[in-house]
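Per chain, numbering begins at 1; letters A, B, ... match sequence-line order.
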2 protein chains.
Amino acid sequence: METPAKKDAPAHPRKSRKGATPTVRDVARLAGVAPMSVSRALNNPDSVSPEILQRVREVVDRVGYVPNLLAGGLASKKSRMVAAVVPTISGSVFLEMVQALTDGLAARGYQLMLGQAGYENSREDALLEAIIGRRPDGVVLTGIMRSEQGRRRLLASGIPVVETWDLTDSPIDMLVGFSHEQIGKAVAEYLHGRGRRKIAAISADDERAVRRNRQFADTVLTLQPGLGTDRKAVPTCVVPAPTSLGSGRTGLRELLARDPGIDAVFCSSDMMAQGVLLEALALGIEVPGQLAVVGLGDLAFSRDLHPPLTTVRIDGTAIGSIAASLIIDRAEGRPVEAPVRDVGFVIVERGSS
Amino acid sequence: METPAKKDAPAHPRKSRKGATPTVRDVARLAGVAPMSVSRALNNPDSVSPEILQRVREVVDRVGYVPNLLAGGLASKKSRMVAAVVPTISGSVFLEMVQALTDGLAARGYQLMLGQAGYENSREDALLEAIIGRRPDGVVLTGIMRSEQGRRRLLASGIPVVETWDLTDSPIDMLVGFSHEQIGKAVAEYLHGRGRRKIAAISADDERAVRRNRQFADTVLTLQPGLGTDRKAVPTCVVPAPTSLGSGRTGLRELLARDPGIDAVFCSSDMMAQGVLLEALALGIEVPGQLAVVGLGDLAFSRDLHPPLTTVRIDGTAIGSIAASLIIDRAEGRPVEAPVRDVGFVIVERGSS
DNA sequence: TTGAAAGCGCTAACAG
DNA sequence: CTGTTAGCGCTTTCAA
């Protein structure tokens, strides 16, 4: 009567109600071990005897036990989830990165939570709260966090953060990116070096593209002192993000209307560059003869275009997998060697320039 | 000495250690109310007096309290997370759907967990375990779940499931999709109706594309009895998923090598159709004069191609938002009117055919 | 309305 | 190596 601690036939204490999902206790009871041993058998097989391991596994398979990771996360303070925030998923520029991130995380037992912030960071705040509330083991931000409020909340939460796709002197925590300014400069120098003297740009209106383009224009002005010092001397068409093939087509028309002599266009995305290529074809403008076209991103299709597109290659896959391993290292308490990485970029010269 | 239940100055019981994230108890103490009242003030403001509401909100803002949703989920058995499984994110065909899904969920306070199954469903099993373990309020599958093992686990878990992007007579639970067979049939009839008599296809090798194409070929054979009854009479080039612009280019070359007289190609993606367009241009084949091209997906760029691409429009946005609302309705205990929806498809006729 | 008690299902930290 | 004891931070349930 005292202790109903019989293992085989408990009086009738909280019998596992039929249909309910089994818990560690159910498994423990059926395997004749303590719940803690079940936990150990599952999370750290080496720490239990072969007999227990085997009995536990047998029961787990038989009853179809799937550990509740919410409970585990609450107890261990490790959720094994990582949140990623992208401006928008349908820009496709970030896909490689998201793919590498998911893969890298999945391989180590982590799951990805995806959030879209939009380009106008209005939703950013609610999103941040939804993320922090789930106590992820890490957050990957596409672009750097601009709002001071957001930076503070993230910092206060103590969650490891990787900012990506940009560089800054004052990262919240870790950083994997490249310099948009340097891209602007490099492309301007490249086009100038190829003899182009009527250089133009079609750029998205998001903050990174704007900075990139400012440097692009400034570099052109430096290289061609005759143009003066006003950036407006470098014809630029600004289109709303996310960019599209269509915005490339209209962008080129607009530029030509402003200045028919343009001989080079730097586009802030490959998709847009493709639109420029297409529009040039439709207008009978020869590429690269009359017009050089440079894109950004080096998406999968770019090398197969006609002519193959010269573009700035950004290694989204590298960014994603480095971000994944930085977060995992940090989450598992390993020291992180280099928390700030510049993955750089390469101008891939192809037929369009 | 008995009960240290003084509100203002507790003896020294678990003082909120500096730097630790605040919990309901901290907020409750500072606001001079019970933890439960904090919970109510946050989740159901109407159920609490204005004074308490205000005091709680003040403290929440002041200390930057963000509720731990893992703990909340454990206690309430509602995680407010939905898992989505896509074959791969970089096919871009599913992006619209994922975007609509994220948006629809975020608007109601739900978060998306994204998993990539790969096209070879080898990882599918581990992924399923990772998902079920997190006790999401719903799972959205891209394509129907083929493995019997997987279906059983999902069913046993009791989690609401929405299968998408396909139709089946025996859904696990809910379903939002369209018929790949009907698409195959419709496109074959469309091309035949436009007078094409040497109809070919370039298709991915995934299961849905295969079924679609089988019906496509069979319909062509029915419409042109002279071809016999062997599907091989309809030239088909099978390429590995995910498809790309490059596979469209090589696919067309391969088809022409087999039969130079081909006058129509049905491609299993818009990206691939674009490759065909490009290759035709390079080879001097006139589209649509000599060759009609039809894609699948109606991606954003398709209307801007040259010529604009005729394609099968699939409303990924609709699929995503319907899936979101089905899951949310189910999660919140509302009756689900029509758990199986055929969103259909439309052949959008443009310049390429 | 508000509060107190009792867990949700798991694992950290100790003992044995 | 194995078990016991306490929670993790929240919400359900019931009583006041």
query = Contact class for I52(B) (heavy atom, under 4.0 Å): base, sugar-phosphate, or nothing?
reply = sugar-phosphate
query = Nearest-Å distance, CG (L42(B)) to C1' (dG9(D))?
reply = 13 Å
key: Point-to-point distance, once rounded to the nearest 0.5 Å, from OG1 of T88(B) to CD of Q116(B)   = 5.0 Å
Short side-chain N/O contact to dC8(C) OP1/OP2 from N68(A), under 4.0 Å = no
message = dG9(C), OP1 or OP2 - any side-chain N/O from K77(B) closer than 4.0 Å?
response = yes
message = So, does S39(A) get its side chain near the phosphate of dC10(C), meaning an N or O under 4.0 Å from OP1 or OP2?
response = no
request  = Quick one: pull up CG in D173(A) and CG in L155(A) and give me the separation to the nearest 0.5 Å.
outcome  = 8.0 Å
ask   = Under 4.0 Å between a side-chain N or O of S76(B) and OP1 or OP2 of dC8(C)?
value = no
N or O in side chain of S37(A) less than 4.0 angstrom from dC1(D) OP1/OP2 = no
ask   = Looking at residues at least two apart in the chain, or sitting in another chain, which of them share a side-chain contact (heavy atoms from CB on, under 4.5 Å) with P87(B)?
value = F94(B), Y119(B), T142(B), R208(B)
inquiry  = Whole angstroms only, please: what is the CE-P distance between M36(A) and dC1(D)?
reply    = 14 Å
task = Using atom CG of L70(A) as one end and atom P of dC10(C) as the other, report the distance to the nearest whole Å.
result = 11 Å
remark   = Rounded to whole Å, CG of L69(B) lies from P of dT11(D) at a distance of 8 Å
note = When V48(B) and A75(B) are each assigned the nearest nucleotide of DNA chain C, the 5'-most assignment goes to V48(B)
inquiry  = Ignoring hydrogens and geometry beyond distance, is the side chain of R135(B) in donor-acceptor contact with the base of dG9(C) at under 3.5 Å?
reply    = no
inquiry  = Quick check on DNA chain D: between R40(B) and P67(B), whose nearest nucleotide comes earlier from the 5' end?
reply    = P67(B)
request  = Could you tell me whether R62(A) and E58(A) have a side-chain N and a carboxylate O separated by less than 4.0 Å?
outcome  = yes
